[in-house]
Structure formats: structure tokens, C-alpha cells
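Chain letters run A, B, ... following the sequence lines, proteins first and then strands; every chain starts at 1.
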Number of protein chains: 2
Amino acid sequence: MSGEETQPRRLTRAETKARTRALLLDAAAQVFARKGFAGASVDDIAEEAGFTTGALYTHFSSKEEVFVEVFASRSRHRLVEAADIVSDADQSPDETRSAMSRLVVDVADNDVDFALLQAEFWLYAIRRPEFQQHLAGQFRSNRDALTAVLAARAEKRGQGGDAPFEELSTVLLALFQGLVQLRRTDPDLVPESLYGKASHWLFTGLAARS
Amino acid sequence: MSGEETQPRRLTRAETKARTRALLLDAAAQVFARKGFAGASVDDIAEEAGFTTGALYTHFSSKEEVFVEVFASRSRHRLVEAADIVSDADQSPDETRSAMSRLVVDVADNDVDFALLQAEFWLYAIRRPEFQQHLAGQFRSNRDALTAVLAARAEKRGQGGDAPFEELSTVLLALFQGLVQLRRTDPDLVPESLYGKASHWLFTGLAARS
DNA sequence: GTCTATAAGACGATAGAC
DNA sequence: GTCTATCGTCTTATAGAC
């Protein structure tokens, strides 16, 4: 036991700095989720990470900067996951639908901070025009990614080549957010299979369009 | 011009008290929407209403109480409106759908505080178990009202008597919230007719279910 | 790079004059 | 019923010791 089981050698200065920064960002995400942007103090964040405010201010210049960095580090993860689920063309439509439903349940029930942070980011963005544009761009790229996946999948099956996949993507995205928020408020409101069922209805109805 | 054109007589003490309270609540709604619950100060609210903090504290015992009262006074309005639209059985399905779409656009584009306050209420509730139950109950009653309306309308047309209207209501509610948030972030993301289109797909797909 | 100590101000809420 | 004045606390951010 030389104390080196987990780390092959001492961390360089740059590495410890990056590690502290990451610890602070993780702590900040938790605290922002628990208390909100305005309700969280810099002291709360530093203490949660095991440091002091003085240490935090060597890594970030303000509370706002911490928040924006948390946002940047937490984006993309979950919705890339969603696109992966839909893009897995090996599974049957039934499997895809149940995977979609499972994602809603998993996010709402297990990723306790997700919906909270999402709401905090949204409010922060709506109140700051510059940041709002940033968030809009992100939504747009999520929608575009989903649109491409839907179109590819439809083409593979040789059907619905001219369907309004972009509008459908927007609906699926909005419905995901809405259902996660609802289930987070009360799990009984959103049955485990609902997201998959709803998308089934959407696809069927869209295919039968006049 | 005796200065009595608008008011037939002087307000009683109780009436001025109620009026001040209402002014404070309106101002509070605006300020909470603009700055959030934690970001808004009691001074901001009182000043917006044209009073001082001392006056505010004769009507409310704390900032929390003001917030809860704002929530109570602002609930129900918009979603009752939604139920009215769907329950108007005189109009054709096409008219109903376009009215639904218009509601999303109207709320997102014109009722500037609606989505902000909704998000603030949700965050406040999720962080306070007692209030969370209250919000869940409200969601449930909105869903039930919509479910009843959908079932009544379907019965009138003599179709889909055994359809899962409760699940459909939940989906329509979640989608409404999601689309309003999305359109508030960037109007270009949500075409004016999208909510109606999506519900058309949902109804058609549901009717064709196996 | 992280600490302690502190500056300068904003905050929620109360007391007493009018 | 509303005002002014004020208390004590908590806030963000900085300066200097280690």
C-alpha cells in the first residue's frame, strides 16, 4: 500500500487545477438545482465542493460565470442520448417506443437535477437576450439532429419520404420536456409507457395524413 | 366635473385595503416574472405597486406569502380557457385545432409573464414537498377537466368511446407547456399551426389503434 | 492555489410616527 | 393603512497571509 493504487503519479499543477475546477462545477450544478441561480450563494457552492469562496474566485470571475459554465458542461448529454435511442435502427418500432418511454421515466425519476437545471437555464436565458439566442440555437440543433435521424429511419423503411419530420421533431422535443416536468411533479400523472404511446399515435396519425 | 365619473362614491376602508392588496399582487406577479422568486426583493415589489415595504407587510407576512398568493390568484385562468376551446362542440374539428394552435401562440407571444411565472411556480413547488402536492393536485384537476371534455365530445360524435382519453389529456397538457416554452425561446421553432397539427396526428393515430 | 479576513452593500422584516 | 428609519444578517467580491 504505497497509496498509488488509483493514481500512477502525482498530479501536475495544471491537473489539480482542472480537477478543482471540475469539482466546483459539479458542486455548483447540485447547488443551483437545489436553490436556484439567485438563491444559491457562492459560499454554498464552494462549501459543497469542499473549498472556500476565495478558492472559487481563482477559477471563476463571478457567480454568473460559474452558472454559464455549468450550463455549457451539462448540455447535450441527455438529448444526444435520446437521438441515439431513435437512431438505433436495429430495434423494432416497439423497442424504440419503450426505450423512449424509459428515457422519460429515467430522467424524471433518477436524474434528480436534470429538470431543475433545465428550468433554471431556461429562466436565466429568457431574462438575458444574448443567452436566449444561445439556448435557441441549441434547441434548433437538437431538433435538426432528431429530424435527420427520423428521416434516415423512414427512408430505410421506404415510407413517408415527404413527411414533415422537422415539425414532428419539434413536437417530440416539446412533449419530452413537458412529460418530464409533469412526472417530476407527480409520477402518477405520467404512466411509464406514455411517451412511447404518444409517439406511436403521432407516427400513425402522420402516416395517415391527407 | 366633480371627480366622481369613475367611482359613484368614496371607497370604504375595506375596499381600499382590498384594492391595495390587489395592486400589490399584480406588481408582485410582474416582478416575480422579471426577476424570479429569489431574485425579486420586497422593495422591488412594493415600489412597482407604488408603495413601500412597510405597507406591504400590513397585507402579507412574508415574501413567501406574497408568492403563494400570486400563484393562487393566477392559476386556472389559461387552462380553463383551453378547456373551453375544446369543449365548444359547435365548431368543426378544424376550427378546434386552429383555436388550439392560436392559444399556444397567444400565450407565448402576448402573455409575456405566463411561461415565466409557470416555471417559477414549478421550481418553487418542486423544492417544497407540501407545495408540490398542491401543484400536482392542480395538474390532475386540469387533466381531469380536459378528459371529461374529450370524452363528452367523442360521445356526441358516437366514436372512440373506449379511447384512453386520460392519457391523451396528459399528452396534450404536457405538449402545450413544452410548445409554449419552446416558442417563448424562439418563435421560429414553433410554427403557428403546430399544436393543432400535432393534436390532429394524435387523434388520428389514436383512432387507428389496434 | 487555497486560505482567512474584510469591505461595501442589499436583503427581509420590524417599530414607531403620522 | 402607509410612511420613514433602522436592526441584524447575509451577500458578492477582493486583499493579503501562507
Side-chain angles (χ1 to χ4, degrees), chain A residues 7 9-71 120 123-124 127-128 131, chain B residues 7 9-71 120 123-124 127-128 131:
Chain A
Q7 295 292 340
R9 59 175 188 78
R10 251 213 195 76
L11 272 56
T12 65
R13 275 170 286 277
E15 281 167 345
T16 60
K17 185 172 178 181
R19 191 169 168 280
T20 300
R21 207 187 128 94
L23 286 171
L24 284 166
L25 283 176
D26 273 2
Q30 269 185 249
V31 175
F32 283 136
R34 199 188 311 135
K35 303 193 170 187
F37 172 69
S41 75
V42 180
D43 227 54
D44 290 334
I45 297 167
E47 196 180 0
E48 176 75 35
F51 299 95
T52 59
T53 68
L56 187 145
Y57 276 99
T58 68
H59 293 272
F60 306 95
S61 68
S62 69
K63 189 169 88 164
E64 294 228 15
E65 193 184 299
V66 177
F67 188 80
V68 172
E69 292 293 314
V70 169
F71 176 76
E120 287 291 335
L123 282 167
Y124 185 90
R127 290 169 182 148
R128 288 163 186 82
F131 206 78
Chain B
Q7 294 291 339
R9 59 174 188 78
R10 250 213 197 74
L11 273 56
T12 66
R13 274 170 286 280
E15 281 166 345
T16 60
K17 184 172 180 180
R19 192 172 166 277
T20 299
R21 206 187 127 95
L23 286 172
L24 284 166
L25 283 176
D26 273 2
Q30 270 186 248
V31 175
F32 283 137
R34 198 189 311 136
K35 302 192 170 188
F37 172 69
S41 76
V42 181
D43 228 52
D44 290 333
I45 297 168
E47 195 179 0
E48 175 76 33
F51 299 95
T52 59
T53 67
L56 186 146
Y57 277 99
T58 69
H59 294 272
F60 307 95
S61 68
S62 67
K63 190 170 86 165
E64 293 229 13
E65 193 182 299
V66 178
F67 187 80
V68 172
E69 292 294 314
V70 169
F71 176 76
E120 287 291 335
L123 282 167
Y124 185 90
R127 290 168 181 149
R128 287 163 185 81
F131 205 79

Do any N or O atoms of the protein come closer than 3.5 Å to N or O atoms of nucleotides 8-12 of chain D, and which pairs are they?
residue, atom, partner, partner atom, Å
D:dT12, OP1, A:A40, O, 3.4
D:dT12, OP1, A:V42, N, 3.4
D:dT12, OP1, A:K63, NZ, 3.3
D:dT12, OP2, A:V42, N, 3.1

### Exceeds 12 heavy-atom contacts within 6.0 angstrom, atom CZ of B:R19
no
### Task
Measure the shortest side-chain to side-chain distance between B:L24 and B:V66 over non-hydrogen atoms and say whether it is less than 4.5 angstrom.
no
### Pairs where residues 45-58 of chain B contributes a residue and the test salt bridge (Lys or Arg N to Asp or Glu O under 4.0 Å) is met, not counting sequence neighbours
B:R34-B:E48
### Task
Provide, to the nearest angstrom, the distance between the CD atom belonging to B:E47 and the P atom belonging to D:dT4.
12 Å
### Query
With a 4.0 Å cut-off, would you call A:E64 and A:R127 a salt bridge?
no
### Query
Any side-chain heavy-atom pair from A:I45 and A:T53 closer than 4.5 angstrom?
no
### Query
What are the 5'-most and 3'-most nucleotides of DNA chain C lying under 4.0 Å from any heavy atom of chain A?
C:dG1 to C:dT4
### Message
What's A:T16 touching, base or sugar-phosphate or nothing? Going by heavy atoms closer than 4.0 Å.
### Response
nothing
#### Entry: Residue pairs fulfilling ring-ring contact (aromatic ring centres under 6.0 Å, His included) with at least one residue in residues 45-67 of chain A, sequence neighbours excluded
A:F32-A:F67, A:F37-A:F67, A:F67-A:F121, A:F67-A:Y124
### Task
Taking salt bridge (Lys or Arg N to Asp or Glu O under 4.0 Å) as the test, write out the residues that go with B:K35, two or more places apart.
B:D44
### Message
Applying salt bridge (Lys or Arg N to Asp or Glu O under 4.0 Å), can you list everything that pairs with B:D43, at least two apart in sequence or on another chain?
### Response
none
